Amino acid sequence: QYDFEGRNDLVRFVKAAADAGLYVHLRIGPYVCAEWNYGGFPLWLHFIPGIKLRTDNEPFKTEMQRFTEKVVATMKGAGLYASQGGPIILSQIENEYGNIAASYGAAGKSYIRWAAGMAVALDTGVPWVMCQQTDAPEPLINTCNGFYCDQFTPSLPSRPKLWTENWSGWFLSFGGAVPYRPTEDLAFAVARFYQRGGTLQNYYMYHGGTNFGRSSGGPFISTSYDYDAPIDEYGLVRQPKWGHLRDVHKAIKMCEPALIATDPSYMSLGQNAEAHVYKSGSLCAAFLANIDDQSDKTVTFNGKAYKLPAWSVSILPDCKNVVLNTAQINSQVASTQMRNLGFSTQASDGSSVEAELAASSWSYAVEPVGITKENALTKPGLMEQINTTADASDFLWYSTSIVVAGGEPYLNGSQSNLPVNSLGHVLQVFINGKLAGSSKGSASSSLISLTTPVTLVTGKNKIDLLSATVGLTNYGAFFDLVGAGITGPVKLTGPKGTLDLSSAEWTYQIGLRGEDLHLYNPSEASPEWVSDNSYPTNNPLTWYKSKFTAPAGDDPVAIDFTGMGKGEAWVNGQSIGRYWPTNIAPQSDCVNSCNYRGSYSATKCLKKCGQPSQILYHVPRSFLQPGSNDIVLFEQFGGNPSKISFTTKQTESVCAHVSEDHPDQIDSWVSSQQKLQRSGPALRLECPKEGQVISSIKFASFGTPSGTCGSYSHGECSSSQALAVAQEACVGVSSCSVPVSAKNFGDPCRGVTKSLVVEAACS
């Protein structure tokens, strides 16, 4: 069953890209990884008789071909391939198979040959690629994914050098610190790629967005997929990353006549310094690189001296003038904050109650412990979770009971221990309807080994184990066979003996009663909801419901889930994803400021150690409606919904920090051959929203200032005129440019390279 409706409207998306002047690389997969649940495959594939995924297997190939043909036919039908005048210039089949191909042996090699042939036969009129696939069969093009791809060489000299995934940051896991990638390093990687003969480069991600519903994979991938991308999760530009990359691409575009005319020639400029020159007739463009991760250098190129900061590339579209250096950012920085609005909820008379939620404003429903559905399954032994639920829900109940006479060897009085081994991802133990213990896995290992002290009563005792998944595995050889849930052993142990329950009769229930009753859908009335003057808090397995008024304005909206444990949230019936504010990142491994110099890795630059991995959860404005809105929460661990609050993302300040050594602003060039004027470096500021003007200068310093946007300070050398000059140039206008020179400010310290820093507020 195909669903191309709403947010899945692929034709509309590709047309929107074309309308924005973009080309499209359609990466069909159908395996996509992407930290997406089950790698993007539907779970029902797993249950087709005889199927083996991503190998030379007829049932799988039939389904893969069916899907690929459907997508291609849909694109052709809308005239979207470049061969039809559309924006799609490339298509991809499979994804990073070369990383894991060895595990599949000869069948993997024949599968890749089949996939290539199947794709080419669809006759799209544009090339097909395989990423991370050195043995991609002709005529497919093998491409590179990674933090750096300048060193990549295609398998055949006739193939262009394509970078299908330039990782602009990294994904976040529940229980992990927040990764980020310095702007200067990302810009360095881009410039190095084109310096060394690159043809096409694509950001993964340019905008990451949000894993709504149960779409996140992993397991343990967070609901936020912000990725430290140039456009953030909320759709706002992330400065200075967005602005600096814009300038980098403008500089590369200025080199285009030379880049497409010839291949580059290499020239050593000394230790860890090199030039690549594109020269053809009168055309000449050069990239000068300092790949030393410690020392700045001054190099001589074509008889002229050039300063090269460590780990940077200077771009010279005319082989003479530096229009950009990747380590010198001319773009402004934005200081943003999430403004807490409290929780505005509607009282029964239609009036609005701000901030602290009145006790009567939340309805609740209790999710029962254990088996409540008539379609429950009973059989001996422990069943793996994904094969049982087919991922219809995160949740699977395992239920059994024992009769205690007293004096059993596994008892110490009325006490016993209950060790439970699980493949993950989250486990809760209930004894006679009461929570007795819980545990969770992690992104590095989902396995759980939990021993819970339990108190048993004489007579019948009910043991209910609730296992929950947090996204299914999306990467690795045979990832589709990675299991979840309680596979045992499960025992009762005491000082004199053990009772192994692993092969006992267990009853299984897929999902929650509240899911079956669609409690998340506010348009469906249910007698389960209780509206009392008070509601239970900090109780596991509780549904909550309320009404609220959307925050005014057009700033992006998020919910701060402080006070809640773990669960899922719905706004007007649409899931905004899993929330888990109690999953805390480790205390160690974060850095106060991350040095962009030197090779980047996913763990090099981390922040928010010792804090919740994710506390804010995006609610798109398109999910909200004027007037009354509904919010529903399912809380698994226990929390207090009166503590959640709405926030909006706002820009507090715009800042810039430009030195006398910086190149001129990129827009001061008309082309690689012609300059408007030799204006020198300049600091530019622009208000982020249309209609705003710069209302005040919060800080200005010319000399040797230090700090970051929002916390600058003057250095030992500082001009007394900086504030007045900045105010004169900037206040009352939407954008301004201030020349960075001693002529403008006086010279507070001769012989020292000076910088200008300005922080401004817009309104």
Side-chain angles (χ1 to χ4, degrees), residues 23 25 82 89-90 92 126-166 186-203 245 247-291 299-304 306 308 311-326 666 669 671-673:
Y23 293 115
H25 177 195
I89 59 170
L90 292 168
Q92 179 179 303
V126 303
W128 285 89
V129 311
M130 284 182 171
C131 62
Q132 302 292 86
Q133 193 73 43
T134 53
D135 61 347
E138 288 196 85
L140 274 72
I141 304 164
N142 66 302
T143 71
C144 180
N145 293 351
F147 293 118
Y148 308 94
C149 283
D150 56 288
Q151 76 295 338
F152 167 73
T153 304
S155 300
L156 295 172
S158 59
R159 292 174 175 173
K161 179 170 173 172
L162 308 182
W163 190 358
T164 30
E165 292 187 14
N166 178 356
L186 182 54
F188 172 78
V190 174
R192 285 288 285 165
F193 178 70
Y194 287 105
Q195 174 175 1
R196 300 178 69 183
T199 298
L200 172 146
Q201 183 256 177
N202 177 66
Y203 290 100
L245 291 174
D247 291 351
V248 168
H249 288 290
K250 283 183 177 181
I252 293 167
K253 184 74 173 170
M254 289 164 66
C255 303
E256 184 178 58
L259 294 184
I260 63 174
T262 184
D263 288 325
S265 59
Y266 166 84
M267 181 189 306
S268 173
L269 300 177
Q271 188 177 3
N272 287 331
E274 60 190 41
H276 287 75
V277 181
Y278 292 81
K279 183 164 178 54
S280 175
S282 62
L283 297 172
C284 190
F287 294 75
L288 313 184
N290 177 3
I291 56 176
V299 301
T300 301
F301 173 70
N302 284 353
K304 188 177 171 185
Y306 294 88
L308 288 176
W311 204 252
S312 78
V313 177
S314 284
I315 300 176
L316 292 67
D318 59 357
C319 286
K320 297 174 190 170
N321 293 291
V322 175
V323 299
L324 182 134
N325 177 273
T326 58
I666 193 84
W669 290 77
S671 71
S672 59
Q673 273 71 45

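For clarity, every value in this text was computed on a predicted model and none was experimentally measured.
In this structure, Asn145 contributes its side chain and Glu165 its backbone to a donor-acceptor pair below 3.5 Å. With hydrogens and angles ignored, the 3.5 Å screen pairs a side-chain donor or acceptor of Ser155 with a backbone N or O of Thr134. Between the side chain of Thr326 and the main chain of Val313, a donor-acceptor pair closer than 3.5 Å is present. Checked by atom type and distance alone, the side chain of Lys161 pairs as donor or acceptor with a backbone atom of Asp150 at under 3.5 Å. Not a single donor-acceptor pair under 3.5 Å links the side chain of Asn166 to the backbone N or O of Tyr203. Within the 3.5 Å criterion, the main-chain N or O of Leu140 finds a donor-acceptor partner in the side chain of Arg159. Listed for the Tyr306 side chain is a donor-acceptor partner under 3.5 Å among the backbone atoms of Lys320. Trp163 contributes a side-chain N or O that, together with a main-chain N or O of Gly146, makes up a donor-acceptor pair within less than 3.5 Å.
Taking 4.5 Å as the limit, every side-chain heavy atom of Pro317 sits out of range of all side-chain heavy atoms of Lys253. Taking 4.5 Å as the limit, every side-chain heavy atom of Lys250 sits out of range of all side-chain heavy atoms of Val323. At least one side-chain heavy atom of Leu162 sits under 4.5 Å from a side-chain heavy atom of Leu90. Pro160 has its side chain out of reach of Leu200: every pair of non-hydrogen atoms, C-beta onward, lies at least 4.5 Å apart.
Taken to the nearest 0.5 Å, the CG atom of Asn202 stands 10.0 Å off from the CD atom of Gln92. Of the inter-residue distances, the one linking Thr199 atom OG1 with Ile260 atom CD1 reads 11.0 Å to the nearest 0.5 angstrom.
When all heavy atoms of Cys144 and Phe152 are compared, the closest pair comes out as CB-CG, 3.5 Å. Residues Asn290 and Phe188 approach most closely at O-CE1, 4.2 Å, considering heavy atoms.
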(request) Applying side chain to side chain contact (heavy atoms under 4.5 Å, CB included), run through Leu283 and Thr262 and close with a yes or a no. (result) CA-CA 10 Å; Leu283 297 172; Thr262 184; over 6 Å; no
(request) Using the side-chain hydrogen bond (donor to acceptor under 3.5 Å, both in side chains) rule, take Ser314 and Asn325 through it: C-alpha gap first, then chi angles, then the decisive distance, then the call. (result) CA-CA 4 Å; Ser314 284; Asn325 177 273; 2.9 Å; yes
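In this structure, the side-chain hydrogen bond (donor to acceptor under 3.5 Å, both in side chains) partners of Arg192, at least two apart in sequence or on a different chain, are Gln195, Glu274.
Taken together, the cysteine pair Cys284 and Cys319 places its SG atoms within less than 2.5 Å of each other.
For the residue pair Thr164 and Thr143, a side-chain donor N or O sits within less than 3.5 Å of a side-chain acceptor on the partner.
When Phe287, Tyr194, Tyr266, Phe193 are each tested for a ring-ring contact (aromatic ring centres under 6.0 Å, His included) with His276, only one passes: Tyr266.
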